[in-house]
Asks: 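Pasting in a structure now, in structure tokens, and then I'll have a few things to ask.
Lettering of chains follows the sequences in order, A, B, ..., and the numbering in each one begins at 1.
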Amino acid sequence: METLITRFPPSPTGFLHIGGARTALFNWLYARKTGGRFILRFEDTDAERSTQQYVDAIVDALQWLGIDWDEGPFYQSRRLDVYEKYIQHLIDTGSAYYCTCSKEKIEAMRQQAAQSGGKPKYDGTCREKNLPPTPGAVVRFKSPLMGNTVVEDKIRGNIVFPNAELDDFIIRRSDGMPIYNLAVVVDDISMGVNTIIRGDDHISNTPKQILLYRALGAEVPDFGHVPMVLGPDKARLSKRHGAMSVTAYRDMGYYPEALLNYLVRLGWSHGDQEFFTREELIEKFDIEHIGRSAGVFNPEKLLALNAEHIRSTPVEKLAPHLIGFLGGHGIAAEDNAFLHGVIKTLQPRSKTFVEMAEAAVFYYSAPENYEEKGVKKFFKPEVAAPIRDLIAELKNTETFDEKHLEPAFVKVMEAHDLKFGKIAQPVRLALSGKTVSPGIFEMIEILGRDETIARLEKAAVFIRDQAEKQA
RNA sequence: GUCCCCAUCGUCUAGCCCGGUCCAGGACACCGGCCUUUCACGCCGGCGACAGGGGUUCAAAUCCCCUUGGGGACGCCA
């Protein structure tokens, strides 16, 4: 079987957003799944709006997502001579022609068409004039006047376009730069791309491109148009929908695999399965189960999926991601057993790395003050004695794991006739400074004997001072 | 305006191609409950949809047509 070659061709006129990432993902998965190749190509023929800054940002986002490419990145702006060759061929074979109609004239044509209810089209003034190249002339494709062009879409089936709907579209600007439809086709032909998965906003470009393939004597690739991603108001995604760039999700503490998982499920399914690892995605992805209807981006579901990924991903894989966010709290954490232990206790209670980092701070630095409502509720004078006893017990506990810790607590509880909660809450506050934290035993185990005792003693002093102040 | 695409719970979706097992299944969110050392996790239960109308058929979410609704394209942007 022929090697499958897919590509992702962003235009560097903006950041990589959710929709673009999904398109890239589909192409990437399909290539990885079939052992094919995946190409990255920047379509920067619009010199006005393309910038290096966006190129870098897109590369950065793709790398973070773990979407890697086998070839490229290519830049259309550096392949002008290639397009020129193909354009010349089209002219030579009578499939394209020079046109000297002014922009104003074209605009007037459109206006008129709009008024009389027709489709805005170029009227073909220069079509049969056989004009020679002149400065400022554009090159137009000579589109068939009759017949149909059929797009055999892998996702939607056959889509028929009457050729009369198409006009003689420009393939080369007056400044010599090629136009999108020409450039993609030439690139895809010369790069051997045989499978194109893209947004369905490109459907109406497809017949034009098919015509170009034929005029160039090239084989038409497989097309598959995926539905668009909509905002909560069901409108096409745009800046006004808020955080839509991939890097925004990185900054908000999302795990790349979770984003991938969410994105792929927005438009593709594998029965009832919701959770996928990257490997599972590659193994199970198929083009047959890509849906046909547009999907609304749902940040809440993405958040929930992120939490699920955080919960079920091995701590070693999570650690490098968390370290950056810990840095934001002034903590220079090392990727060691301590960090891994910390993550373990935070996994079931963190939806993002931002949350996890925040919750992890107390492990690295003893609380400087205690949550106020906790102090009122749990640091009462009567807990001073049990805490003193607990400190003494902990000093004698041989191993610091739950199995040995619990008897120590039970002993203190019995001596003072307390329920577990009565001692656990003050201890929680003493260790973490907060009323909400991971389990008591797991915290103690990670903090270790010295640190635990130090924090308990500090709390005991605090409680005593507190009592004196009141007296 | 013209052309094209789409249509199952609020949202993402399974089912639709190969009608009956679907008084429609899962997930997120929401509401109860259980578990419990806090918060979570987890578990159990609830709420909630085949856009409408015509056909075809013994039988339609599944096939056909129309309507309605939503989206996209119509650039010397990609």
Asks: When you compare G48(B) with G25(B), how far apart are their C1' atoms, in angstrom units rounded to a whole number?
Replies: 13 Å
Asks: Spell out, as yes or no, whether a donor-acceptor pair under 3.5 Å connects the side chain of Arg198(A) to the backbone of Val226(A).
Replies: no
Asks: Would you indicate what His202(A) reaches in the nucleic acid, counting non-hydrogen atoms under 4.0 angstrom: base, sugar-phosphate, or nothing?
Replies: base
Asks: Closest to the Pro348(A) side chain: G26(B), C5(B), C41(B)?
Replies: C41(B)
Asks: Whether Ser269(A) contacts A14(B) is assessed here as follows: a side-chain N or O lying under 4.0 Å from the phosphate OP1 or OP2. Is that the case?
Replies: yes
Asks: Under 4.0 Å: is that the gap between some side-chain N or O of Arg198(A) and OP1 or OP2 of A78(B)?
Replies: no
Asks: Between Met228(A) and Ala424(A), which residue's closest nucleotide on RNA chain B lies nearer the 5′ terminus?
Replies: Ala424(A)
Asks: With both distances kept under 3.5 Å, what pairs with C63(B), Watson-Crick or G-U wobble?
Replies: G55(B)
Asks: May I ask you to evaluate whether Ser293(A) reaches the phosphate of G71(B), defined as a side-chain N or O under 4.0 Å from OP1 or OP2?
Replies: no
Asks: Do Asp272(A) and G25(B) have a side chain to base donor-acceptor pair shorter than 3.5 Å?
Replies: yes
Asks: Could you check Ala294(A) against Glu165(A) and say which one's nearest nucleotide on RNA chain B is further toward the 5' end?
Replies: Glu165(A)
Asks: For the side chain of Val436(A), counting heavy atoms from C-beta on, which of U38(B), C3(B), A78(B) is nearest?
Replies: U38(B)
Asks: How long is the line joining CZ of Arg49(A) and C1' of C77(B), in whole Å?
Replies: 5 Å
Asks: When the C1' atoms of C39(B) and C50(B) are compared, how many Å lie between them, rounded to an integer?
Replies: 40 Å
Asks: Within the 4.0 Å heavy-atom criterion, would you say Ile440(A) contacts the bases, only the backbone, or no part of the nucleic acid?
Replies: base
Asks: Could you state the CD-C1' distance from Glu308(A) to G26(B), rounded to the nearest angstrom?
Replies: 13 Å
Asks: Using purine N1 to pyrimidine N3 plus N6-O4 or O6-N4 for Watson-Crick, or N1-O2 and O6-N3 for G-U wobble, each under 3.5 Å, what pairs with G1(B)?
Replies: C74(B)
Asks: Using a heavy-atom cut-off of 4.0 Å across all strands, would you classify Tyr262(A) as base, sugar-phosphate, or nothing?
Replies: nothing
Asks: For a side-chain hydrogen bond (donor to acceptor under 3.5 Å, both in side chains) check, start with the C-alpha distance between Thr277(A) and His309(A), then their side-chain angles and the critical distance, and finish with the verdict.
Replies: CA-CA 8 Å; Thr277(A) 61; His309(A) 272 270; over 6 Å; no
Asks: Would Asp167(A) and Arg140(A) pass as an ion pair if we require N to O under 4.0 Å?
Replies: no
Asks: In whole Å, what separates the C1' atom of G55(B) from that of G75(B)?
Replies: 44 Å
Asks: Leu346(A) CG to C41(B) C1': how many Å, rounded?
Replies: 13 Å
Asks: Can you tell me the pairing partner of U68(B) across any strand shown, Watson-Crick or G-U wobble, with both distances under 3.5 angstrom?
Replies: A7(B)
Asks: When the C1' atoms of U21(B) and C43(B) are compared, how many Å lie between them, rounded to an integer?
Replies: 29 Å
Asks: Pick the C1' atom in A29(B) and in C12(B), then give their distance to the nearest Å.
Replies: 11 Å
Asks: Between A14(B), C76(B), A27(B), which nucleotide gets closest to the side-chain atoms of Val138(A)?
Replies: C76(B)
Asks: Tell me the interatomic distance from Arg311(A), atom CZ, to A40(B), atom C1', rounded to whole angstroms.
Replies: 9 Å
Asks: Is any NZ, NE, NH1 or NH2 atom of the basic residue among Arg455(A) and Glu451(A) found under 4.0 Å from an Asp or Glu carboxylate oxygen of the other?
Replies: yes
Asks: Please identify which of these residues, Leu390(A), Val383(A), Thr452(A), meets the side-chain contact (heavy atoms from CB on, under 4.5 Å) condition with Val427(A).
Replies: Leu390(A)
Asks: Which residue in the set Arg428(A), Lys344(A), Arg349(A) passes salt bridge (charged side-chain N to carboxylate O under 4.0 Å, His left out) when paired with Glu442(A)?
Replies: Arg349(A)
Asks: Base, sugar-phosphate alone, or nothing: which one does Val160(A) contact when heavy atoms must sit under 4.0 Å apart?
Replies: sugar-phosphate
Asks: Between Arg110(A) and C76(B), is there a side-chain N or O to OP1/OP2 distance below 4.0 Å?
Replies: yes
Asks: Assign Pro227(A) to base, sugar-phosphate, or nothing according to its heavy-atom contacts below 4.0 angstrom with the strands shown.
Replies: nothing
Asks: With heavy atoms under 4.0 Å as the rule, sort Thr45(A) into base, sugar-phosphate or nothing.
Replies: sugar-phosphate
Asks: Would you measure the distance from the C1' atom in A49(B) across to the matching atom in A7(B) and give it in whole Å?
Replies: 12 Å
Asks: Could you tell me how far apart Tyr180(A) (OH) and C74(B) (C1') are, to the nearest whole angstrom?
Replies: 15 Å
Asks: How would you label the contact of Gly291(A) with the nucleic acid (heavy atoms, under 4.0 Å): base, sugar-phosphate, or nothing?
Replies: nothing
Asks: Using the C1' atoms only, state how far C47(B) lies from C30(B), rounded to an integer number of Å.
Replies: 8 Å
Asks: Between Glu43(A) and Arg41(A), is there a side-chain N and carboxylate O pair less than 4.0 Å apart?
Replies: yes
Asks: Quick one: which of A27(B), A78(B), C76(B) gets closest to the side chain of Lys301(A)?
Replies: A27(B)
Asks: Report the distance from atom CD of Glu48(A) to atom C1' of A78(B), rounded to the nearest whole Å.
Replies: 14 Å
Asks: So does Asn181(A) reach the base of A78(B) with its side chain, donor to acceptor, closer than 3.5 Å?
Replies: no
Asks: Can you tell me which nucleotide in G26(B), C28(B), A78(B) comes closest to the side chain of Glu43(A)?
Replies: A78(B)
Asks: Could you give the distance from CG (Leu62(A)) to CH2 (Trp28(A)), rounded to the nearest 0.5 Å?
Replies: 10.5 Å
Asks: What's Gly439(A) touching, base or sugar-phosphate or nothing? Going by heavy atoms closer than 4.0 Å.
Replies: base
Asks: Which nucleotide, G75(B), U38(B), C28(B), lies nearest any side-chain atom of Arg349(A)?
Replies: U38(B)
Asks: Please pick, from C6(B), U38(B), C74(B), the nucleotide with the shortest atom-to-atom distance to any side-chain atom of Arg292(A).
Replies: C6(B)
Asks: Find the distance Asp201(A):CG to G72(B):C1' and express it as a whole number of Å.
Replies: 7 Å
Asks: Any idea which of C39(B), U13(B), G10(B) is nearest the Asn298(A) side chain?
Replies: G10(B)
Asks: Just checking Asp175(A): base, sugar-phosphate only, or nothing, at a heavy-atom cut-off of under 4.0 Å?
Replies: nothing
Asks: Taking atom C1' in both U37(B) and A61(B), what distance in whole Å separates the two?
Replies: 50 Å
Asks: Rounding to an integer number of Å, can you tell me how far Phe297(A) CZ sits from G71(B) C1'?
Replies: 19 Å
Asks: Identify the nucleotide, in any strand shown, that forms a Watson-Crick or G-U wobble pair with G42(B), with both distances under 3.5 Å; if there is none, say none.
Replies: C34(B)
Asks: So, are Glu280(A) and Lys284(A) salt-bridged, with charged N and O less than 4.0 Å apart?
Replies: yes
Asks: Mind telling me whether C41(B) is syn or anti, cutoff 90° either side of 0?
Replies: syn
Asks: Ignoring hydrogens and angles, does a donor from either the side chain of Ser174(A) or the base of C76(B) sit under 3.5 Å from an acceptor on the other?
Replies: yes
Asks: Glu274(A) side chain: which of A27(B), U13(B), C5(B) is closest?
Replies: A27(B)
Asks: Looking only at side-chain N and O atoms, does Asp44(A) offer a donor or acceptor that is under 3.5 Å from a partner on Ser77(A)?
Replies: yes
